[in-house]
Visitor: 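Supplied in structure tokens, the structure appears directly below.
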Amino acid sequence: MSSGATDSLYFRAAGIPSYGVSGAYVRPEDDYSHGLNERVPVSTVARGLKHWHVLMKELAK
């Protein structure tokens, strides 16, 4: 869901624009991505789900 080392890598290499979006709104000190204990705070899950719900509905129009 980001434009980094995901399937987007292959799309970008083929000249297809790709964009990354995250529903995890965390403070920098709570960002454990790529760490030993990769996780997000539980308090961000509900907001992230709402984010994806709204985004998918808008894109599906």
Side-chain angles (χ1 to χ4, degrees):
M1 300 203 227
S2 74
S3 61
T6 65
D7 292 344
S8 295
L9 176 74
Y10 305 106
F11 290 113
R12 288 192 324 275
I16 301 168
S18 253
Y19 303 93
V21 179
S22 176
Y25 300 99
V26 296
R27 299 177 307 174
E29 60 268 21
D30 291 334
D31 182 10
Y32 298 104
S33 57
H34 307 301
L36 294 176
N37 296 312
E38 191 163 346
R39 63 192 185 273
V40 296
V42 173
S43 61
T44 67
V45 174
R47 283 180 30 193
L49 289 173
K50 180 172 179 148
H51 164 83
W52 285 112
H53 180 78
V54 170
L55 180 62
M56 293 296 112
K57 284 182 74 169
E58 289 297 315
L59 291 173
K61 286 184 178 179

Visitor: Under a 4.5 Å cut-off applied to non-hydrogen side-chain atoms, are Ile16 and Tyr10 in contact?
Guide: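 The answer is no; the side chains never approach within 4.5 Å.
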
Visitor: Distance check, rounded to the nearest 0.5 Å: Lys61 atom NZ versus Leu59 atom CG?
Guide: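 So the gap between those two atoms works out to 10.5 Å.
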
Visitor: Output all residues satisfying side chain to side chain contact (heavy atoms under 4.5 Å, CB included) with Glu29, sequence neighbours left out; order by chain, then residue number.
Guide: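 For Glu29, the residues satisfying side chain to side chain contact (heavy atoms under 4.5 Å, CB included) (neighbours in sequence not counted) are Arg27.
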
Visitor: Under 4.5 Å between side-chain heavy atoms, counting indirect links through other Ile/Leu/Val/Met/Phe/Trp/Tyr residues: same cluster for Val54 and Val21 or not?
Guide: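 No: no chain of side-chain contacts under 4.5 Å links Val54 to Val21.
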
Visitor: Taking only distance into account, with no hydrogens and no angle test, what donor-acceptor pairs under 3.5 Å do side-chain atoms of residues 40-48 form with protein atoms, sequence neighbours excluded?
Guide:
residue, atom, partner, partner atom, Å
Thr44, OG1, Pro41, O, 2.7

Visitor: Under the side chain to side chain donor-acceptor pair (under 3.5 Å) rule, collect the residues that match up with His51, sequence neighbours excluded.
Guide: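 With sequence neighbours excluded, His51 shows a side chain to side chain donor-acceptor pair (under 3.5 Å) to Tyr25, given in chain and number order.
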
Visitor: Between Lys50, Met56, Lys57, which is the residue that forms a side-chain contact (heavy atoms from CB on, under 4.5 Å) with His53?
Guide: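 Single pass found, and it is Lys57.
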
